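As the structure is a computational prediction, the values presented were derived from the model and not from experiment. Naming: A, B, ... by sequence-line order, numbering from 1 per chain.
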There are 2 protein chains.
Amino acid sequence: MSRISKPRDAAPAPRAADRIRVSARELFYREGIRAVGVDQIVNRAGVTKPSLYRAFPSKDDLAAAYLSDYDREFWPRFEKPGGRRWPDARAQVLAYIRELGKRAVQDGYRGCGLSNATVEYPDHTHPARGVAEAHKKALRKRLRELAAEMGARDPRVLGDGLMLLLEGAYVTGQQSPGGPAQSILAAAETLIDACTGKPARRR
Amino acid sequence: MSRISKPRDAAPAPRAADRIRVSARELFYREGIRAVGVDQIVNRAGVTKPSLYRAFPSKDDLAAAYLSDYDREFWPRFEKPGGRRWPDARAQVLAYIRELGKRAVQDGYRGCGLSNATVEYPDHTHPARGVAEAHKKALRKRLRELAAEMGARDPRVLGDGLMLLLEGAYVTGQQSPGGPAQSILAAAETLIDACTGKPARRR
DNA sequence: GAACATACGTACCGATCGGTAACACTGTCA
DNA sequence: TGACAGTGTTACCGATCGGTACGTATGTTC
């Protein structure tokens, strides 16, 4: 019971910086980073512009923070799709893909915030791009690991192939509802089976 | 020989509108549409702003024109990859994918201008988006036709699967050089063979 | 040469962009 | 009580944004 320097036991009213992160996250994801002005962000957050610039050196750095948050929230969705563990690599990947396939054919879907950022900012020196590139590099590595666990003859081909399918679903999902992402589960199953020597399922 | 009202038989010095189309095309593709201002475009084209607005009602319409040009130039690359005809659907698609795989792992690659535009403009009412969505719809349809020609058991799955691989290569190719697009040819071959009942190649 | 249409340039518009200076207010902690 | 950190308020900055009013050069047609 020493409450040394804890401010309060209840939630201490969200800090301005947090409110900004939340509203930036929503607006950046839905409308794109370049399309959203800092005034929009602070208005939605119910704070003022100086508060933004006290917490973030620039809009570019806020964008990088948004992508860091996005990256952090991505991994649980990927490693424990549906909020639970799966018995093996194949089941885990297919569970993630099943959920992605459902999300990505719905109206209003906006794909992956990190991939979208690399489209908006081709310049490799942009702070937001560094976050996105690092994320994609890690995802690629992880998919190759999972492909190896599945017993792929060439884990690079299966890992990369799955990554292409994922990214394809991210981007086509935001082009129009009911797009080719509806077939990602079947395609991924077929690809995995063919790369791991399973008897070809009649498809 | 009635040259009724033909201006001149020789090339009459490129019109301002054409110069604008060319420079807009280069800048929009390399840097993104939102990132490029109209001043940049007219400077590069060596013309002035009113010339732009005499030829195009707005920047948005210029963006739509850029995408129309992009769409028109895409189809020959897709239907006759390498500048020549191919014996069957499988060979044609794989030839396109082979070329794509080479381009998409190089430094400076910027993916598909039409896909990039849908990322930059989520609003379905934007004039540029209409062009991009129509293109993607046509490509999807064409890939399903080609999948059927290949003898796929379910042409929708193979067509959509190939489209996901293509789009995946477009977007990952611009994230960093040497990305997963390097495996697109192997992945596509595997997927096609598995979907058409070919004996699984050792991969 | 007069009349006209086409094409282009100079100069400018209001709005919005990202970002900042200066100061008042509030609550916490010592 | 006083110091301090965090926030809000107001007003502002220069740069750039997309877009336009208006005059000028050129060539064709009679």
Chemist: In whole Å, I'd like the distance from the CD1 atom of B/Ile41 to the P atom of D/dT16.
Modeler: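 Going from B/Ile41 (CD1) to D/dT16 (P), I get 16 Å.
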Chemist: In whole Å, what is the span from the NZ atom of B/Lys59 to the P atom of D/dG19?
Modeler: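 It is 9 Å, rounded to the nearest whole Å.
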Chemist: Nearest whole angstrom, please: distance from the P of D/dG18 to the NE2 of B/His126.
Modeler: 11 Å
Chemist: Rounded to the Å, how far apart are B/Phe56 CZ and D/dT20 P?
Modeler: 15 Å
Chemist: What's the closest nucleotide to the side chain of A/Asp39 if the choices are C/dT20, C/dG18, D/dG19?
Modeler: C/dG18
Chemist: Just how far, in rounded Å, is P of D/dA11 from NZ of A/Lys49?
Modeler: 14 Å
Chemist: Would you classify A/Val36 as touching base, sugar-phosphate or nothing, given that sugar-phosphate means primed atoms plus P, OP1 and OP2, and contacts are heavy atoms under 4.0 Å?
Modeler: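 Touches sugar-phosphate only.
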Chemist: With distance as the sole test, does A/Arg34 use its side chain to make a donor-acceptor pair with the main-chain N or O of B/Glu120 at under 3.5 Å?
Modeler: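 It does not hold such a pair.
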Chemist: So, is A/Tyr53 close to the C/dT20 phosphate, meaning a side-chain N or O under 4.0 Å from OP1 or OP2?
Modeler: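 No.
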Chemist: Once you apply a heavy-atom cut-off of 4.0 Å, does A/Ser51 come out as touching a base, just sugar-phosphate, or nothing?
Modeler: sugar-phosphate
Chemist: Using a strict cut-off of less than 4.0 Å between a Lys/Arg side-chain nitrogen and an Asp/Glu carboxylate oxygen, indicate whether A/Asp69 and A/Arg21 qualify as a salt bridge.
Modeler: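 Looking at A/Arg21 together with A/Asp69, the answer is yes, because their closest N to O distance falls below 4.0 Å.
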Chemist: Has the side chain of B/Tyr70 got a donor or acceptor atom that lies under 3.5 Å from a matching backbone atom of B/Gly113?
Modeler: yes
Chemist: In this structure, how many angstroms lie between the C1' atom of D/dG8 and the CZ atom of A/Arg19, rounded?
Modeler: 13 Å
Chemist: Please find the pair of heavy atoms, one from B/Ala169 and one from B/Ile184, that lie closest to each other, and give the distance.
Modeler: CB-CD1, 3.7 Å
Chemist: Could you check how far CZ of A/Arg15 sits from P of D/dT7, rounded to whole Å?
Modeler: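 One finds 6 Å between P of D/dT7 and CZ of A/Arg15, rounded.
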